[in-house]
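Each remark here refers to the structure printed beneath this line.
Only heavy atoms go into these numbers, but all of them, side chains included; no hydrogens, no water, no symmetry mates. Every chain is numbered from 1 and lettered A, B, ... according to where its sequence line falls, protein lines coming before strand lines.
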Protein chains: 2
Amino acid sequence: MANASDPKETLATRLQAAVQARGQRWTEQRQVIADVLAASDGHATGAELVELVRAADPSATPSTVYRTLDLLEELGFATHHHGVDGRETYHLEEVVAHGHVHCHGCGAEVEIDADVAKPILAAIERATGYAADLDHLSLQGRCPSCRAAAAR
Amino acid sequence: MANASDPKETLATRLQAAVQARGQRWTEQRQVIADVLAASDGHATGAELVELVRAADPSATPSTVYRTLDLLEELGFATHHHGVDGRETYHLEEVVAHGHVHCHGCGAEVEIDADVAKPILAAIERATGYAADLDHLSLQGRCPSCRAAAAR
DNA sequence: GAGTCTATCGCAACATGTTGCAATAAGCCA
DNA sequence: TGGCTTATTGCAACATGTTGCGATAGACTC
């Protein structure tokens, strides 16, 4: 821990600067939420974050957590997507943009990083004209081993 | 209406046959839900279906509707995916398989039919080894006109 | 430091789904 | 037809988010 870039410190600090630059306010609750998010590994559901925040500050309420999360998205510090079960999953912006693919055979979920996704996004653009968002790329299908098992 | 194939009749009938073939039971509620689904255009959220079913049969409850919808999926008569806002959207199997792409600029949502999707699915397979599911393909990005507006 | 403006908070109610459980009734067999 | 088995229902409680509103408290000015 405590490496050179110290991401936990910089997240809260940069967030505070960004919030205040927009004429908005920096509060205790936002500090707590920023800390919790920085301490997570960058993948957490809304409910998990609410629970973690309440553990750090029992007076916090879900509405505050979700509203702050919305603010983080607006400011570009986080993104969220809906997983297979429809639950929200939040990512820190520090985590490099990536998509997900979920296997409905074995339930495995793997990440798709930018390099791997490049030809997929290119195909989407050619086919539809849309510039798709890697962070919202959430696919379902069958992984290679389940396909092999099904073929037998 | 009342065309040659008469899909409304056949859905309930075929569903009943499939349910009974599995040793399961055919009930009033399932008949109502099948009728409602057949009368929809093949795109309805869970909440909409619950409301429609309750309009047809006020004694029906949400749990019954959702459980029946799960059954329809198991039997291959319907599929569902989660839209941009995380709400569930159900499709009848009669509607040809298709994906969706949502523009986060203007909010437009367009369908991606099988032909258009083919190169996308091929790219996904090449990049990840996964055989992706067209019905669960739910993308977000920027549509051509929003991209043009942003470029200016 | 005091006063003002208003963004943010916490609460409570709501929306959409999910789950456990006891009561009901569909389908089967004698 | 009558009785039995158990899938299905309806209820109620819960889980996860969202929204409206009055109270609180940041931040700014004087």
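One interatomic measurement links the two molecules: CG of A/L49 to P of D/dA15, which rounds to 18 Å at whole-angstrom precision. Regarding A/L69, its CG atom lies at a distance of 10 Å from the P atom of D/dG17, rounded to whole Å. As a whole-Å value, the separation of A/D85 CG from D/dT16 P is 10 Å. Look at NE2 on A/H82: it is 12 Å from C1' on D/dT18, rounded to the nearest Å. In this entry the distance linking CD of A/Q16 with P of D/dG26 reads 13 Å, nearest Å. Atom pair B/L75:CG and D/dT8:C1' shows a separation of 15 Å (rounding to whole Å applied). Taking atom CG of residue B/L71 and atom P of nucleotide D/dT8, one finds them 7 Å apart after rounding to whole Å. We find that CD of A/Q29 is positioned 14 Å from P of D/dT24, with the value rounded to whole Å.
A/S63 contributes a side-chain N or O that forms a donor-acceptor pair with the base of C/dC11 under 3.5 Å. The base of C/dT6 sits within donor-acceptor range of the side chain of A/R25, with an N or O pair under 3.5 Å.
The backbone N or O of B/E73 sits nowhere less than 3.5 Å from a side-chain atom of B/D70 that would complete a donor-acceptor pair.
The pair A/E125-B/R147 meets the salt-bridge criterion, since a charged nitrogen lies less than 4.0 angstrom from a carboxylate oxygen.
Within 6.0 Å of CD on B/E51 lie no more than 12 heavy atoms contributed by other residues, nucleotides or ligands.
You'll find that the side chain of B/A47 is closest to C/dG17, out of C/dG17, D/dG10, D/dG17. Listed nucleotides: C/dT16, D/dT8, C/dT8. Nearest to the side chain of B/Y66: C/dT16. Considering only side-chain atoms of A/T64, the nucleotide from C/dT8, D/dT16, C/dG10 that sits closest is C/dG10.
Using a 4.0 Å heavy-atom cutoff across all strands shown, A/R67 reaches at least one base atom of the nucleic acid. Backbone-only contact: B/S59 has heavy atoms under 4.0 Å from sugar-phosphate atoms and none from a base.
Along DNA chain D, the nucleotide nearest to A/T45 and the one nearest to B/G23 differ in position, and the one closer to the 5' end is contacted by B/G23. Taking the nucleotide of DNA chain D with the nearest heavy atom to each of B/R54 and B/R30, the more 5' of the two is matched to B/R30. Each of B/W26 and B/E48 has a nearest nucleotide on DNA chain C; the 5'-most of these lies closest to B/E48.
At least one side-chain nitrogen or oxygen of A/T27 sits closer than 4.0 Å to the OP1 or OP2 atom of C/dC9.
When ring centroids are compared, B/H100 and B/H82 stay outside the 6.0 Å threshold.
Using a 4.5 Å heavy-atom threshold, the side chains of B/Y66 and B/E88 count as touching.
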